[in-house]
J.: 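Below is one structure. I have some questions about it.
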Amino acid sequence: MRRHAGAVIVALLLLTACTSAIPGQGRVDGPPAEPTPESCPDVPVHPPEDRPVIDLDFELAEDGRSVAGSERVRFTPDLATDELVFRLTANQPLSVAAGSGIDVGEVAGDDVATVDFEPAGADESTQGGLLVIGLRTALQPGQSTEVTIDFRLQLGAGTFDRFGQDAQTSWWGSGHPLLAWELGVGWRREPLVDTLGETASSPVAQTTLRVLAPAGRTVLMTGGAAEVGEDGAATVWESSSIAARDVSVAVGEFTTAEGSVGGTRLIVGSPEGNPAELLDRAGVALTTLEQYFGEYPFDTLSIARLADYGGGIEYPAMILLADGGEVTLTHEIAHMWFYGMVGNDQGRDPWLDESFATYAEGLVTGRSEEPGALLEDVEVGLPIGAYASSAAYFEAVYGGGSAMLALARARAGSELFDAALRCYVNANAWQTAVPADVEAALQHLPAAVAVLREAGAL
Ligand SMILES: [Zn+2]
């Protein structure tokens, strides 16, 4: 996510501190080691074989203000568990205040014993922030279960949020109960911090999307969107994704433009004028970022231009773009590597996606800020809830974090640093990375590691 710099809301207090342990985080000591084939694969490692399989059905109401949804999940844990935990993002107080929210209906499955909700920072008027499904018997690693969850999503008045609707567009991201599992760790129950930043950690899943939209409107979504037929008065759109850790959908009266960059299909929808210019700019940014981080991770990239709410919100292979600037566009495309492919717990380690996406802006635009001022007294590596305000969070993680990476690159040498980042991206593809993974990728570049330590990232 990138909030337009001139419109940062400083009054939002981050009330919740995250105190969870950080698995695997530790110093890598000893002599600098050169990259090995294992620490530096030539191409991204494959998504986990046993990843969840998620089928999502969304039906947008004719008035564009609500979505009837159904989610079928096949889940195969890598650790024993006797429950399933889903994050109800739309129930965070800021979204509820704008009129959004999610209400879970029937939950079905042969193994389902109980259905409960935990508050987890959600607005008090809602069911809660976490849906917890108790299972009749514990699943052992490698065993599967399947559940189906019906839900209803309200889309509030358009604002800079994951959910909203206005006269032109209805959109939602993280609009379904989001599976809150982290490989090797287990369930993530972090509260819904009331902030503009993302706080979720979710695994990549083999995902299909089916959207019923009022006739005459165009759908843009994760995985691309193919119009496949009609269902009554609605038009049916579908997509599938090999590995997506979340999805977003925009339905509106878009003018679309399509193109391809290498093997990537680019689809851009804009409510007015000619979307070709946006398509061109997205293509340039994507091509440039590929030179630094490797091949773009998905088959498609869809971009829905919303009204000027200021900023952009990234989802796997899909961007909700609410400002027209080059910087925001580049930032969100960079998130396809840092969040889309290399996942992280966005609440616990926000710098792993936001500092890198902000750093990437400078690689494309050629503009960078003087790192000295940005790095003074900065603590880049805190959880999102530990910063005193949204402004402090943006300043440290976006400003300080990107300056830190640019300085590390300058100190280590750009070629070596760029190669080390490629190693990091390839070795941690489709996983959930932790700061120690960055340190491992940079350990043969002690000057870079020193910069990251100084800035509090490691
Ligand atoms: Zn961002």
Side-chain angles (χ1 to χ4, degrees), residues 44 46-48 51-60 67 69-74 89 153 162-163 169-179 198 200 202-213 217-229 231 234-252 254 256-269 275 278-279 282-283 286 295-306 312-321 332-343 429-430:
H46 292 297
R51 62 192 179 280
V53 179
I54 298 180
D55 300 317
L56 288 163
D57 267 44
F58 294 115
E59 182 171 1
L60 179 66
V67 179
S70 176
E71 175 178 14
R72 190 167 76 239
V73 179
R74 193 173 82 225
T89 311
L153 179 69
R162 300 166 186 77
F163 324 92
T169 311
S170 301
W171 69 93
W172 60 97
S174 311
H176 61 289
L178 186 65
L179 193 68
E198 292 84 1
S202 50
V204 295
Q206 193 167 319
T207 304
T208 64
L209 266 170
R210 184 169 181 270
V211 175
L212 269 66
R217 284 177 244 185
T218 300
V219 174
L220 297 168
M221 62 192 185
T222 294
E227 193 178 336
V228 296
D231 185 334
T235 311
V236 184
W237 302 71
E238 290 182 352
S239 76
S240 63
S241 303
I242 292 168
R245 53 184 86 248
D246 201 344
V247 304
S248 71
V249 180
V251 183
F254 293 116
T256 59
E258 283 200 33
S260 59
V261 175
T264 307
R265 191 173 140 231
L266 271 174
I267 309 127
V268 171
L278 178 56
L279 183 74
L286 191 150
E295 197 176 336
Y296 174 80
F298 302 98
D299 295 339
T300 61
L301 174 61
S302 300
I303 302 174
R305 182 68 168 91
L306 307 180
I313 308 178
E314 73 282 8
Y315 280 91
M318 169 75 177
I319 294 168
L320 300 168
L321 190 65
E332 308 310 340
I333 295 176
H335 271 308
M336 300 303 149
W337 285 267
F338 302 104
Y339 156 70
M341 182 161 70
V342 179
W430 313 113

J.: Among all residues two or more places apart in sequence or in another chain, which pass the side chain to side chain contact (heavy atoms under 4.5 Å, CB included) test with A200?
T.: R87, L178, Q346
J.: Between S202 and D246, is any side-chain donor less than 3.5 angstrom from a side-chain acceptor?
T.: no
J.: To the nearest 0.5 angstrom, please state how far the CD1 atom of I54 sits from the CZ atom of R72.
T.: 11.5 Å
J.: I'd like to check the salt bridge (Lys or Arg N to Asp or Glu O under 4.0 Å) partners of R265; sequence neighbours left out, ordered by chain and number.
T.: E258
J.: To check you understand the geometry: which heavy-atom pair defines the closest contact between R162 and S174, and what is its length?
T.: CD-OG, 4.2 Å
J.: Would T169 and F254 satisfy side chain to side chain contact (heavy atoms under 4.5 Å, CB included), going step by step from the backbone distance to the final call?
T.: CA-CA 8 Å; T169 311; F254 293 116; 3.6 Å; yes
J.: Work out which heavy atom in L320 is nearest to a heavy atom in A250; give both atom names and the distance.
T.: CD2-CB, 4.2 Å
J.: Locate the shortest heavy-atom distance separating V204 from G340; write the atom from each residue and the value.
T.: CG1-O, 4.5 Å
J.: Considering only heavy atoms from C-beta outward, does the side chain of V247 approach that of M318 to under 4.5 Å?
T.: no
J.: Going from CG on L179 to CZ on R245, what distance comes out if it is rounded to the nearest 0.5 angstrom?
T.: 12.0 Å
J.: Decide yes or no for P275 and T256: does some side-chain heavy atom of the first lie under 4.5 Å from some side-chain heavy atom of the second?
T.: no
J.: Identify all side-chain donor-acceptor contacts of residues 218-228 below 3.5 Å with residues at least two apart in sequence or on another chain.
T.:
{"unit_1": "T222", "atom_1": "OG1", "unit_2": "S248", "atom_2": "N", "d": "3.2"}
{"unit_1": "T222", "atom_1": "OG1", "unit_2": "P316", "atom_2": "O", "d": "2.9"}

J.: Can you name the salt bridge (Lys or Arg N to Asp or Glu O under 4.0 Å) partners of R305, sequence neighbours left out?
T.: D308
J.: Roughly how far, to the nearest 0.5 Å, is the OG atom of S260 from the CG atom of L279?
T.: 9.5 Å
J.: Under the ring-ring contact (aromatic ring centres under 6.0 Å, His included) test, which residues partner W171, sequence neighbours left out?
T.: Y309
J.: Which residues pass the salt bridge (Lys or Arg N to Asp or Glu O under 4.0 Å) test with E238, sequence neighbours left out?
T.: R210
J.: Holding to salt bridge (Lys or Arg N to Asp or Glu O under 4.0 Å), I want the full list of residues that pass it with R217, two or more places apart in sequence or in another chain.
T.: E62
J.: Could you check V67 against V249 for side chain to side chain contact (heavy atoms under 4.5 Å, CB included), going step by step and ending with a plain yes or no?
T.: CA-CA 11 Å; V67 179; V249 180; over 6 Å; no
J.: Holding to side chain to side chain contact (heavy atoms under 4.5 Å, CB included), I want the full list of residues that pass it with P297, two or more places apart in sequence or in another chain.
T.: M336, W337, M341, W430
J.: Once rounded to the nearest 0.5 Å, what's the spacing between atom CG of L306 and atom CD1 of I319?
T.: 11.5 Å
J.: Can you name the nearest heavy-atom pair linking A244 to T207, along with the distance?
T.: O-OG1, 3.8 Å
J.: Please name all residues satisfying ring-ring contact (aromatic ring centres under 6.0 Å, His included) with Y315, sequence neighbours left out, ordered by chain then number.
T.: none
J.: Can you list everything that forms a side chain to side chain contact (heavy atoms under 4.5 Å, CB included) with L286? Sequence neighbours excluded, please.
T.: V261, T264, L266, E290, Y296, L301, I333
J.: Sequence neighbours excluded, which residues qualify as side-chain hydrogen bond (donor to acceptor under 3.5 Å, both in side chains) partners of T300?
T.: none
J.: What's the separation between atom NE2 in H176 and atom OG1 in T89, rounded to the nearest 0.5 Å?
T.: 8.5 Å
J.: Without swapping roles, check the side chain of R51 against the backbone of I242 for a donor-acceptor pair under 3.5 Å.
T.: yes
